[in-house]
Amino acid sequence: MIKVGLTGGIGSGKTTVANMFRILGVDIYSADSEAKVLMENNKELKTSIISLLGEESYLNQSLNSAFIASRVFNNPGLLEKLNLLVHPVVREDFADWIEERKSAPYIIQESAILFESGFSSFFNYTILVTADIDTRIDRVAKRDKMKRSAIIARIEQQMSDEEKLKYADFQLNNSVNKLLIPQVLELHNKFVSLHRKKNINGKI
Ligand code: ATP
């Protein structure tokens with residue numbers, strides 16, 4: 001099985017791209033949404049989060065994402081401590097998920113922090129979804145009814161595309177003047193043929 005990591009900055013279109021691969025029959029593990037599920041349902045993790053950030057981290061047993069985000073926003077030390085609790089649990093869950101899909105030609109993990117998490121070396125290939133900044137701001141403003149200034153603040157907190165491009169094996173350009181579907185199809189065909197070659201040669 002070929003393991004592919006998919007990432008992109010806020011509003012770049014990584015979830016849209018993940019959905020296109022899903023339509024092609026590819027199994028997708030969404031690290032960000034699975035992390036939320038685990039933070040809500042994994043008892044040990046829940047206890048550690050309450051110890052780190054306080055009881056307010058959960059409201060009526062549900063994850064209080066707004067509170068957690070406000071605690072770690074602009075507090076890199078606390079964010080790192082939270083990540084040290086959450087990431088190992090997500091990685092274990094992902095390992096179990098992969099185990100159940102051993103016969104798949106390839107799978108994709110979608111993650112907003114693929115390169116920042118230090119987990120990208122686990123993948124055989126990585127894909128970065130990009131779009132110009134103005135397009136990303138417009139799309140997020142429309143989707144989340146967020147103020148432009150708040151979106152810009154989020155973008156500034158993330159690793160830049162220029163930096164991420166140094167690590168990515170493939171780029172999918174999702175700017176307004178680019179057609180996304182042919183780019184996704186090309187990559188899909190590439191991964192399928194790489195898997196075939198791997199089976200013939202016994203290596204990747
Ligand atoms: P986030 O990191 O904020 O979750 P994301 O990278 O997953 O964002 P998406 O949610 O896939 O981005 O896309 C952001 C918004 O832009 C969505 O509303 C999506 O429908 C829209 N969008 C994405 N790609 C395109 C496109 N090529 N044309 C038009 N709208 C698009």
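Ligands are counted one by one from 1 in listed order, and the atoms in each one are counted from 1 as well.
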Would you please indicate yes or no on a ring centroid separation below 6.0 angstrom for F119 and F123?
->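 Yes: the rings meet the under 6.0 Å criterion.
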Can you list every salt bridge (Lys or Arg N to Asp or Glu O under 4.0 Å) pair that touches residues 130-141, not counting sequence neighbours?
->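 Counting only pairs at least two positions apart or across chains, the salt bridge (Lys or Arg N to Asp or Glu O under 4.0 Å) contacts touching residues 130-141 are R136-D161, D138-R148.
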Picking from V72, L78, L84, what satisfies side-chain contact (heavy atoms from CB on, under 4.5 Å) with L52?
->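 Of V72, L78, L84, side-chain contact (heavy atoms from CB on, under 4.5 Å) with L52 is met by L78 alone.
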Donor-acceptor pairs under 3.5 Å, side chain of residues 28-35 to any protein atom, not counting sequence neighbours: which ones?
{"residue": "Y29", "atom": "OH", "partner": "D93", "partner atom": "OD2", "Å": "2.6"}
{"residue": "S30", "atom": "OG", "partner": "E110", "partner atom": "OE1", "Å": "3.4"}
{"residue": "D32", "atom": "OD2", "partner": "A112", "partner atom": "N", "Å": "3.1"}

Using a threshold of 4.0 angstrom between heavy atoms of the protein and any atom of ligand 1, which residues qualify?
->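 Residues within 4.0 Å of ligand 1: G9, I10, G11, S12, G13, K14, T15, T16, R139, R143, N174.
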Report yes or no: is the cationic atom of K3 (NZ for Lys, CZ for Arg) under 6.0 Å from the centre of the six-membered ring of Y106, at an angle within 45° of the ring normal?
->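 Verdict for Y106: no cation-pi partner in K3.
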For H195, which residues count as a ring pair (Phe, Tyr, Trp, His ring centres under 6.0 Å) partner, sequence neighbours excluded?
->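 Residues passing ring pair (Phe, Tyr, Trp, His ring centres under 6.0 Å) with H195: none at all.
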